[in-house]
Amino acid sequence: GHSNRFNLELKCKGFREAEILWYKDDVVIEDLEGITFPSPDILEFSEPRRVHSGFYHCTANNSMGLAVSEVIQVGTEEPEIAEWMNAKNY
């Protein structure tokens, strides 16, 4: 199949110098083939494939507290562009 590159972008306003962690199915993404991080707040599916299907979210943590993004479902077929909602504080 052809590559259909797309990004998930976290919009965390006011979270300076935050530690950002991305999760797939509630597991931290550390090294997953076909996924890159152009910047800490953007997860890019450079080579989308079936193994990438699942539920994604991210957290931003700094001295002001923890913000958690909405969960985005990524499917196995032609993915559409997914945009994060503004992260909400717990």
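In this structure, the separation between CD on E19 and CG on L66 is 10.0 Å, given to the nearest 0.5 Å. With rounding to the nearest 0.5 Å, the separation of CG in L43 from SG in C58 is 8.5 Å.
A 4.5 Å side-chain heavy-atom check between E33 and E47 finds every atom pair outside the cut-off. The side-chain heavy atoms of V68 and H57, taken from C-beta on, include a pair separated by under 4.5 Å.
Across all non-hydrogen atoms, the minimal contact from H52 to L32 is CD2-CD2, 3.9 Å. When all heavy atoms are compared, the tightest approach of I20 to P40 is CG2-O, 3.4 Å.
Looking at T59 and N61, their side chains never bring a donor and an acceptor atom within 3.5 Å of each other.
Following chains of ILVMFWY side-chain contacts shorter than 4.5 Å, one can reach I72 starting from I35, so the two form part of one hydrophobic cluster.
Looking at Y56, W22, F37 one by one, the single match for ring pair (Phe, Tyr, Trp, His ring centres under 6.0 Å) with F45 turns out to be Y56.
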